[in-house]
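The next block holds one structure in the form of structure tokens; read it before the comments.
Counting begins at 1 with the first residue of the sequence.
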Amino acid sequence: MSLDNIISEAVAKAVKELYGVDAAPSSITPQTTRKDFEGNLTIVVFPWVKAARKAPEAVGKEIGDWLVENEPAVDRYNVVKGFLNLVIEPTFWSSVLQHILETKDYGTVNSTEESPLVMIEYSSPNTNKPLHLGHVRNILLGDSLSRILGACGNRVVRTNIVNDRGIHICKSMLAWQKWGDGVTPEKAGKKGDHLIGDFYVLFDKHFKAEVKELMEKGMSEDEAKNASPLMAEAREMLRRWEARDPEIRSLWEMMNSWVYAGFDETYDRMGVGFDKIYYESSTYLKGKEKVLEGLEKGLMYRKDDGSVWADLTSDGLDHKLLLRSDGTSVYMTQDIGTAQMRFADYPIDRMIYVVGNEQNYHFQVLSLLLDRLGFQWGKDLVHFSYGMVELPEGKMKSREGTVVDADDLMDEMVTTARTVSSERGQLEGASEEEVKDITEMVGLGALKYFLLKVDPRKNMTFNPKESIDFNGNTGPFIQYTHARIRSVLRKAADEGFTTGEFITVAPGEREIALIQRLADYPSTVAEAGNSLSPALIANYVYELAKEYNQFYHDCSILKESDESKRSLRLALSETTARTIASAMGLLGIRVPDRM
């Protein structure tokens, strides 16, 4: 049993005996005592003041006296207003460390067949361009959420919806037809997703030239855009695609296959994957069927021009278009169809969509529509709304080719990691194969950690140079701490030292601080799962690494002559290394044993 649980149960017994209050231990949450007060754990006593009919200080003193007398883990206490600060008996910390050392998969909970099934959608790329920095934040958040919720005991299905149809796809296809001259990824020596992205940019270049020419002839900008012959061709291509024109479908399948091969390469390098991938080209028809079914039931209505709408004014929203007058579907229709297919494939208990905050309204509407159409989890779907990521130079635009491709970004991060590591002399004596593995680990670790340590709801600026720093709140700092610990443990093994008997040792102040930080890990994982925040894990593991480095600086390990103290410090090192690896693993980050 964890220390928090021991204290929670003891306090529950105390308030029952003292005041006749039945308090569930799970409702009593010990907090880490603030550094400006003496103590290790703090209990807020205000919930029992009314029943006790005494001042908060008096209630704190009575509970404190009861704990000192009845709970061996509590050595002494002090009361500050309504806060009971407990000092844990020093040797008890050794038993806490022993528990952590002996607990397999410490901090995580295994799922069972009865565990809730959570589906998480992330990535959701378009097949007209490569993955870029904005996708990277989405993918890393979705991947980390999947890992964290799995560690909290849920069954998790990781899913992706590929936007493989629509006018934007036709723009790339049309540009390839007009100006591609039969080029393929092999001929161009490019990944397929990058090649198709080039044609998307090329379309926009020619389209803008047409609009400019038409405006010079006296049209307004909107008139010129509507009159563009190139855009008219793209719309006609979309119409032919929806009519299943064999020529257009064949071109579409060929170009999409190039993109998928490119995406897979990028996902593999990122270390992410999916259990199930859906394609809008399949889901949009299901969505149309579901909308027409809702129309028959009177849940939607049709306008005079043939378009189909949903009236959401009773829910404080407006009217939402679901099918255009020409019968083509919109994104909302496709999302309804995707939801239907998912619900048929899996008994979903909870659905989480990882999508940027510019789509907040879309998911408000989707939730209402799914509930109206009878999906059990519709009303309670979760839109994991995250902020945008920019570079120090500002916003990125796909059409103008000013985005930072995920592949280029990863290359840059790994190159920078190699340069910085070489300058620090950390790669000396390593083989070229080891150098490649370590720099890949550090470069991608820096990227992932920098994007995940920020509260996901906030907009952020990604600075590659800051992220690769080996000091401060960065991935490389934490990775280096893990490598340092593993180096200590290798030297200990070479000298024949082990984590022997230490249960009777009273740890010092620095050691207790580190044990307490380790003891916080399970509750941190649980809180990160409840609040859907990988940032909590990132900042926890940073604080843990900092705490270990303070311990390493202040406490001798291998030169400690007292065998029991040395054993305790080796056990502290082993459990810290494991916990760092576990926490970083929840962020999708590997940690090296050598650096």
Is any NZ, NE, NH1 or NH2 atom of the basic residue among [X] and [Y] found under 4.0 Å from an Asp or Glu carboxylate oxygen of the other?
X    : Y    : result
D437 : R590 : yes
E113 : R155 : no
D335 : K290 : no
K190 : D198 : yes

Hey, is the main chain of [Y] close enough, under 3.5 Å, to the side chain of [X] for a donor-acceptor pair?
X    : Y    : value
S282 : Y278 : no
D349 : L117 : yes
D275 : R158 : yes
T108 : D105 : yes
S144 : L141 : no
D264 : A261 : no
D593 : A483 : no
T33  : L41  : yes
T333 : K288 : no
Q479 : M441 : yes

With a cut-off of under 6.0 Å to the ring centre and 45° to the axis, is R578 in cation-pi contact with Y106?
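The answer is no, since R578 fails at least one limit relative to Y106.
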Cation over ring, R137 on F462, under 6.0 Å and within 45°?
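No cation-pi geometry.
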Which word best sums up how the rings of [X] and [Y] line up, parallel for under 30°, tilted for 30 to 60°, or perpendicular for over 60°?
X    : Y    : answer
Y284 : W241 : tilted
H319 : Y301 : perpendicular
Y542 : F477 : perpendicular

Which residue is it: I580, T579, L514, L518? I am looking for the one with a side chain to side chain contact (heavy atoms under 4.5 Å, CB included) to Y548.
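By the side chain to side chain contact (heavy atoms under 4.5 Å, CB included) criterion, Y548 pairs with just one of I580, T579, L514, L518: L514.
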Applying side chain to side chain contact (heavy atoms under 4.5 Å, CB included) between V118 and each of V157, L149, I348, V382, report the one that passes.
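By the side chain to side chain contact (heavy atoms under 4.5 Å, CB included) criterion, V118 pairs with just one of V157, L149, I348, V382: L149.
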side-chain hydrogen bond (donor to acceptor under 3.5 Å, both in side chains) pairs, two or more places apart, involving residues 366-382
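Sorted pair list comes back empty.
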Would you kindly say whether [X] and [Y] are connected by a side-chain donor-acceptor distance under 3.5 Å?
X    : Y    : value
R350 : N154 : no
T266 : K191 : yes
N471 : Y480 : no
D164 : N126 : no
Y346 : T159 : no

Decide yes or no for T127 and N163: does some side-chain heavy atom of the first lie under 4.5 Å from some side-chain heavy atom of the second?
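No; the side chains remain at least 4.5 Å from each other.
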Note, H194 side chain near D407 side chain (heavy atom, < 4.5 Å)
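Yes, their side chains come closer than 4.5 Å.
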Qualifying residues under side-chain contact (heavy atoms from CB on, under 4.5 Å), relative to D318, sequence neighbours excluded:
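Y361.
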Identify, with sequence neighbours excluded, every residue that meets side-chain contact (heavy atoms from CB on, under 4.5 Å) alongside E289.
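Per chain and number, E289 pairs via side-chain contact (heavy atoms from CB on, under 4.5 Å) with K286.
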Go through T481 and N549 one step at a time and tell me if the side-chain hydrogen bond (donor to acceptor under 3.5 Å, both in side chains) criterion holds.
CA-CA 7 Å; T481 301; N549 282 307; 3.1 Å; yes
Trace of the ring-ring contact (aromatic ring centres under 6.0 Å, His included) decision for F363 with Y353:
CA-CA 9 Å; F363 283 96; Y353 293 86; 4.9 Å; yes
Yes or no on ring-ring contact (aromatic ring centres under 6.0 Å, His included) for F274 and Y122, after CA distance, side-chain angles and deciding distance?
CA-CA 9 Å; F274 305 93; Y122 55 101; 4.9 Å; yes
With side-chain hydrogen bond (donor to acceptor under 3.5 Å, both in side chains) as the test, would you mind laying out the steps for Y267 and S123 before giving the verdict?
CA-CA 10 Å; Y267 290 140; S123 187; 2.6 Å; yes
Check step by step if side-chain hydrogen bond (donor to acceptor under 3.5 Å, both in side chains) holds for Y386 and D455.
CA-CA 9 Å; Y386 64 88; D455 182 337; over 6 Å; no
Flag if over 12 foreign heavy atoms under 6.0 Å of CZ, R424:
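Correct, the count exceeds 12.
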Nearest atoms (heavy-atom pairs only) where L532 meets P456:
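Looking at all heavy atoms of both residues, the shortest contact is O-CG, 4.3 Å.
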